[in-house]
Amino acid sequence: MSEKKISLWMHEKEGPEYPVLTKRFKADVAVVGAGITGLTTGLLLKEAGMKVAVIEAGRICSGTTGHTTAKVTALHNLIYSRLESTFGERTAGIFAAANSEAIAQVDSLVRQFGIDCSLNRLPAYTFTRDPNKVSELEKEVAAAGKAGLAARLVKETDLPFPVEAAVRLDDQAQIHPVKYCTALAAQIEGGGSRIFEQSRVVEVTEKGVRTGYGVVAADKIVLATLLPFLDRGAFFVSNFPWRSYLLAARLDGSMPAGMYISAEEPVRSISRTADGTMLLIGGESHKSGQDPDTRRRYEVLENWAREHFPIRSIEFSWSSQDFMPADGLPYIGPLHPFTSRIYAATGFGKWGMTRGTFGAMLIRDLILGRENPWQETFRTSRVSFIRSPGKLIFENMNVGRRFVQDRMGAYMTKKEEPPGAGEGRITRQGNKTAAVFREADGGLQVLSPVCTHLGCYVAWNTAEQSWDCPCHGSRFDVDGSILHGPALKKLDKKDDGPQEKE
């Protein structure tokens, strides 16, 4: 593979750089996180007359929003039949309405501000090649119809291979997510509202937020950070981190016009860029930090792509992380039942373009004191164990096993040599364990292997060259700095580590 190891959306990122928060700033609302959720929240609140500060740890749009498939759709695989079975028809209908209004909100903002993000309206499909799955798609069409969506079952698609059936939902959308969010940021900045980049928030109170260099005092705080890094909400118990992989390819020939996702495993996502120049193929999801060699995920995906499409070249490849909610619904609202000042939105389950947008719309209404028909359905204080006890038990037992087994594995490991150039490895000498990375020049980065969130051992990600926590999804660079929360502190450096063989 000769492609660029970077998101297609990020490789030509344009727009101004925003300042680091270095002083005290007063706002009505502090929004932590500048992806689609945070920026939409900030803009909607500013339009409502509030003074807003959006604070981002890195660059705007550089997280999951900058690594998405960019599908803006209400069709999320086989979600409606599952929601109807678990929660009932009313909840499925509210979920459909929220997603449909999110699509309309994106369209409205694009038109209102003249955003050049290649907005394209097109159909979305959930397809199957397995005849045993057709009945599940029939149930999905029926459930989606009762939920208020004009879904229909079709036998023909514009995919280059036959399908047994597909659920089709027309008038969905695609955008260039980074261009869209960059434009939202430009509308927030000014008029008393500000955006701050390279400003990681390290403390949140009922009165505001603090970074390493400055403070934003605010009456309301919104955590739009994929997974809230404040453990007071305990979202790490009910949302589970998964990584997915994407390729952007040029074809010799035409490409499908619709947006597709398979109903069966392994899941394959197929779409084209909003400008129609490249095919996007995604899949190969796995629990974060729990694959010993993530490089093979790209290889499997490329092999599948070349088997099914006339690939001329693979131009870009990248991975993304999202959190899967135990009961299938996102959590949106107050961080916990005892606060009316801190809000959170999480558990978007790989469909953040719409779920992040309606999350922002709901949080706006809650902060402004407006009634919203979605608030009970997505409330953060709901007890997911009632609806999904098996999922919660399984996933949290997995966390417990990793906490114990990784330590036992490191303890039982025999003395190892340091890794080769460009590699990372958990090593042990005597009773000391370290996460060791070898630089290209031969130098070693020696870190504690203990994740600073809740103490699980990190694992080496071969494809992204990072240390990933297999328990709650925190990710760290080779020097220990934070790539992904919920961790708030970098991995500790160790003064001693594996010694070179003489």
### Task
Show the numbers, then the answer: is there a salt bridge (Lys or Arg N to Asp or Glu O under 4.0 Å) between Asp28 and Lys220?
CA-CA 6 Å; Asp28 297 317; Lys220 305 287 186 180; over 6 Å; no
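Tyr245 and His286 have their aromatic ring centers within a separation under 6.0 angstrom. Aromatic pair His67/Trp9: centroids not less than 6.0 angstrom apart. Checked against the 6.0 Å centroid threshold, Phe358 and Phe378 count as a close aromatic pair.
Remark: side-chain polar atoms of Gln290 are paired, donor with acceptor, to backbone N or O of Pro470 under 3.5 angstrom. Here the side chain of Ser193 pairs a donor or acceptor atom with the backbone of Val52 at under 3.5 angstrom. Between the side chain of Asp477 and the main chain of Asp479, no donor-acceptor pair closer than 3.5 Å is present. In terms of modelled atom types and a separation under 3.5 Å, the side chain of Ser199 and the main chain of Glu197 share a donor-acceptor contact. With hydrogens and angles ignored, the 3.5 Å screen pairs no side-chain donor or acceptor of Tyr298 with any backbone N or O of Leu247. A donor-acceptor distance shorter than 3.5 angstrom exists from the side chain of Thr41 to the backbone of Thr37, with no hydrogens or angles considered. Checking side-chain atoms of Arg295 against main-chain N and O of Thr462 turns up no donor-acceptor pair under 3.5 Å. The backbone N or O of Tyr213 sits nowhere less than 3.5 Å from a side-chain atom of Thr22 that would complete a donor-acceptor pair. Here the side chain of Glu56 pairs a donor or acceptor atom with the backbone of Ala34 at under 3.5 angstrom.
Cation-pi geometry between Lys51 and Phe25 is satisfied (NZ or CZ under 6.0 Å from the ring centre, within 45° of the ring normal). Judged by a 6.0 Å distance limit and a 45° cone about the ring axis, Arg382 is positioned over the six-membered ring of Tyr331.
A donor-acceptor contact under 3.5 angstrom links the side chains of Ser319 and Glu464, judged on distance only. A donor-acceptor pair shorter than 3.5 Å cannot be found between the side chains of Lys350 and Ser269. Side chain to side chain, Asp322 and Thr64 fail the donor-acceptor criterion of an N or O pair below 3.5 Å. For the residue pair Asp468/Ser288, the side-chain donor-acceptor check at 3.5 Å is not satisfied. Using modelled atom types, one finds no donor on one side chain facing an acceptor on the other under 3.5 Å when comparing Glu264 with Ser262. In this structure, a donor-acceptor pair under 3.5 Å is present between the side chains of Thr339 and Glu206.
For CZ of Arg121, the number of neighbouring non-hydrogen atoms (other residues, nucleotides, ligands) closer than 6.0 Å is greater than 12.
Taking each heavy atom of Leu491 and Cys451 in turn, the nearest pair found is CD2-CA, 4.1 Å. Residue Gly473 comes nearest to Gln321 through the heavy atom pair O-NE2, 2.8 Å, listed as atom of the first residue, atom of the second, then distance.
Among residues two or more places apart in sequence or in another chain, the salt bridge (Lys or Arg N to Asp or Glu O under 4.0 Å) test is passed with Lys490 by none.
Looking at Thr380 and His336, their side chains never come closer than 4.5 Å, going by heavy atoms from C-beta outward.
A perpendicular orientation is assigned to the rings of His76 and Phe95, their planes being inclined by more than 60° (bins at 30° and 60°).
Atom CG of Leu368 sits about 6.0 Å away from atom CE of Met50, to the nearest 0.5 Å. Here the CG atom belonging to Leu279 is positioned 12.0 Å from the CD atom belonging to Glu315, to the nearest 0.5 angstrom.
Sulfur-sulfur distance for Cys61 and Cys181: not below 2.5 Å, with no disulfide indicated.
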